[in-house]
Each structure stands twice: as structure tokens, then as C-alpha cells.
Amino acid sequence: MKTMTSPRQLDLPTGYTDLLEGLKQDVRAARTTALRIINTQLIELYWSIGAAVRAQQQAQGWGSRVIKRLSEDLRAEFPDMTGLSPRNIQYMTTFAGAWAEGPIAQQGVAQLPWGHVTILLDKLKDQTSRARYAAAAVEHGWSRNVLLNMIMNRTLERTGAAPSNFVQRLVGPGTELTQQIAKDPYSFEFLGLSGEVAERDLENALTTRITETLRELGPGFSFVGRQVHFDVDGDDFYVDLLFFHIEQSRFNCTKGLRRLGEQFALAA
């Protein structure tokens, strides 16, 4: 009988390991490029919406009520895109006014997630400073929190740093900025993936938290529910988390906002 050889037991040819590492890098680079393109398309869309609305505001005096109606009509057509809220459309108009010189895709800010852009708009009033911090965030791969801290500490003003041309410093793989672009809910909504992705992420998050909680409680516990109602002599009580101990055949729950270790038992 011929013995089957597992792929892991093959004698690898010369150069296989180098080829594998090179292909891994190619995959990572392709993913980063794809994420950057999607994000830039989203920023371009927001800029074009803002520019169109801004033009109508200047020509016809559009106010908040018209923008609210516009938001409702757009969200009716694209229900997955929460980025089309009235508040976000107002941000878009401010964005288009701040970066009035197009095309926006050729500017550093187009490589940043929308959350970064709103921070630049909220925290900086000078357009030169906005452009400098946008370029620095791209160059150094700053996350949103790092960008905010840099702005609040006036880092570029104090150091006099002049970031290099962003075109020569595209967002690279492995940076915090790239990770945030990959998880940006606006990008998922833009692609019509928000429902599926959000459901999967929520399921994973809940499963992880429940697993961690059960491990803290010890063996034999199963999760029953949260904010479970009890009627005790006509009084209403709600327990934060309710568990059932399989071996002891009784319920255990946490009270108020106390730690999980402070539990009391209820007879089953």
C-alpha cells in the first residue's frame, strides 16, 4: 500500500521559503493598496457631496432643514450608510470648504479615515495646520488618538517639523493608521457590507466577553441573560447578569455594578 505524504512532510525545494515570504509580502501590500483605494474613494465621495451642498448653500441659502431632508432621502436609498446623517453632511460641507482646491485625491487628507478628517476640522481652524497634520498622520501612520494628542500638544508647532510629500510616503502595512482604515465602519457602509460585517464582529465580541466572564466565574456556569426581572413580594428587582450552575442546579447573578466576584445564589 502506498503511503500518503502530508504536505507538511514534503522535502521543500531550494528557494521555497524565500518565495513564500515574498508572496506573503505581496498579499499584504495588495491588501494595503486595496484598503487605501477604497478609503480614498470614500473621502472623494464625501468631498463631492460637501462641495455640491456647499454650492447650493451659497447659491440658494440651503439651511439645516433642507440638509435634513437631503439626508433622509439619501439614507432611504442607501439605508446601510449611517455616514449620510445630517451632522455628517454638515461635516462634508466644512470639509469641502477647508480643502477647496481639488482634486482631493491628490492631497494627503484623502488617505486618512473619515474620523481623522473630522478631528482635523474640529480641532484646527487654520488650513495650513490642517494640511500639515494630515500629511504627518499619513507619513507616520498615526492612529486617531495619536493625531488628537499631537494636535492638543501642538507638536508640529513646537518642533517646527515639516512632513515630507505624502505621495512619497503612502500609508504602509502594519501601521495603526492602516489598521484603523481596515476597520473603519464608514468604509464597510460605503461598500454595502456593514450589516454582515457588524453582525460577525458583534458575535465575535459577545462570544469573547461571555467566555471570559464564564472563566472568571469558574466551571459549571452557563449564561442565562442580562437585566433579568424578579418580583420579590411585589417589589421589582433587576440583576445585571444571570447564570445557572449546572452541577449545583441553582442560579447565580451579579448585583448592581459590583464586580463579578460579589455574587449571590438563588435556589433553582
TODO: Check side chain to side chain contact (heavy atoms under 4.5 Å, CB included) between Lys68 and all other residues, then give those that pass, not counting sequence neighbours.
DONE: Glu72, Pro86
Open item on the list: Using the salt bridge (Lys or Arg N to Asp or Glu O under 4.0 Å) criterion, which residues pair with Lys24? Sequence neighbours excluded.
Closed with: Glu21
- [ ] For residues Asn88 and Gly83, report the shortest heavy-atom separation together with the two atoms involved.
- [x] ND2-O, 2.7 Å
Task: Any donor-acceptor N/O pair, Thr40 side chain to Gln111 backbone, under 3.5 Å - done: no
TODO: Kindly compute the distance separating CG (Leu70) from CG (Leu84), expressed to the nearest 0.5 Å.
DONE: 8.5 Å
TODO: Determine whether Phe78 and Met92 fall in the same hydrophobic cluster, where Ile, Leu, Val, Met, Phe, Trp and Tyr are linked whenever their side-chain heavy atoms lie under 4.5 Å apart.
DONE: yes
TODO: Any chance you could lay out the side chain to side chain contact (heavy atoms under 4.5 Å, CB included) test for Trp99 and Leu121, step after step, and finish with the verdict?
DONE: CA-CA 10 Å; Trp99 274 269; Leu121 296 175; 4.0 Å; yes
TODO: Could I get the full list of side chain to side chain donor-acceptor pair (under 3.5 Å) partners for Thr82, not counting sequence neighbours?
DONE: Glu189
Task: Backbone N/O of Glu101 and side chain of Gln107: donor-acceptor pair under 3.5 Å - done: yes
Task: Side-chain touch Phe95/Val109, heavy atoms, less than 4.5 angstrom - done: yes
Task: Tyr46 backbone acceptor or donor facing Trp114 side chain under 3.5 Å - done: no
Task: Minimum-distance pair of heavy atoms, taken over all atoms of Ala96 and Ala51 - done: CB-N, 3.4 Å
Open item on the list: For a 4.5 angstrom cut-off between non-hydrogen side-chain atoms, does Leu177 reach Val146?
Closed with: no
Task: Parallel, tilted or perpendicular: ring planes of Tyr133 versus Trp142, cut at 30 and 60 degrees - done: tilted
Open item on the list: Would you compute the distance between atom CE of Met81 and atom CG of Leu74 and round it to the nearest 0.5 angstrom?
Closed with: 8.5 Å
Open item on the list: Looking at Asn39 and Leu35, would you say the former's side chain and the latter's main chain have a donor-acceptor pair under 3.5 Å?
Closed with: no
TODO: Among Ile, Leu, Val, Met, Phe, Trp and Tyr joined by side-chain contacts under 4.5 Å, find the other residues sharing a cluster with Leu19 and list them by chain and number.
DONE: Leu23
- [ ] Find the distance between CZ (Arg132) and OG1 (Thr155) and round it off to the nearest 0.5 Å.
- [x] 10.5 Å
Task: From CD1 (Ile67) to OG (Ser85), nearest 0.5 Å - done: 11.0 Å
Task: Shortest non-hydrogen separation from Thr118 to Gly115 and the atoms involved - done: OG1-O, 2.8 Å
Open item on the list: For Asp122, give me all partners under side chain to side chain donor-acceptor pair (under 3.5 Å), at least two apart in sequence or on another chain.
Closed with: Tyr91
Open item on the list: Is the shortest side-chain heavy-atom distance between Tyr16 and Asp11 below 4.5 Å?
Closed with: no
Task: Flag side-chain contact, heavy atom, 4.5 Å: Thr94 against Gln90 - done: no
- [ ] Report yes or no: does His245 contribute a side-chain atom to a donor-acceptor pair with the main-chain N or O of Ser222 at less than 3.5 Å?
- [x] no
Task: Residues which pass side chain to side chain contact (heavy atoms under 4.5 Å, CB included) with Leu148, listed by chain and number, not counting sequence neighbours - done: Ile119, Lys123, Met152
Open item on the list: Run Val53 and Val66 through side chain to side chain contact (heavy atoms under 4.5 Å, CB included) and show every step you take.
Closed with: CA-CA 10 Å; Val53 173; Val66 178; over 6 Å; no
TODO: Verify, without hydrogens or angle tests, whether Asn149 (side chain) and Asn145 (backbone) share a donor-acceptor contact under 3.5 angstrom.
DONE: yes
Extract all donor-acceptor atom pairs below 3.5 Å that involve side chains of residues 56-64 and protein atoms in other chains or at least two apart in sequence.
unit_1 : atom_1 : unit_2 : atom_2 : d
Gln56  : OE1    : Gln60  : NE2    : 2.6

- [ ] Given side chain to side chain contact (heavy atoms under 4.5 Å, CB included), test Leu112 with Ile43 step by step and report yes or no.
- [x] CA-CA 8 Å; Leu112 298 176; Ile43 298 302; over 6 Å; no
TODO: Please name all residues satisfying side chain to side chain donor-acceptor pair (under 3.5 Å) with Asp126, sequence neighbours left out, ordered by chain then number.
DONE: Ser129
Task: Residue list, side chain to side chain donor-acceptor pair (under 3.5 Å) with Gln127, at least two apart or on another chain - done: Arg130
Open item on the list: Which residues pass the salt bridge (Lys or Arg N to Asp or Glu O under 4.0 Å) test with Arg87, not counting sequence neighbours?
Closed with: none
Open item on the list: I need the Arg54 CZ to Thr93 OG1 distance, nearest 0.5 Å.
Closed with: 7.0 Å
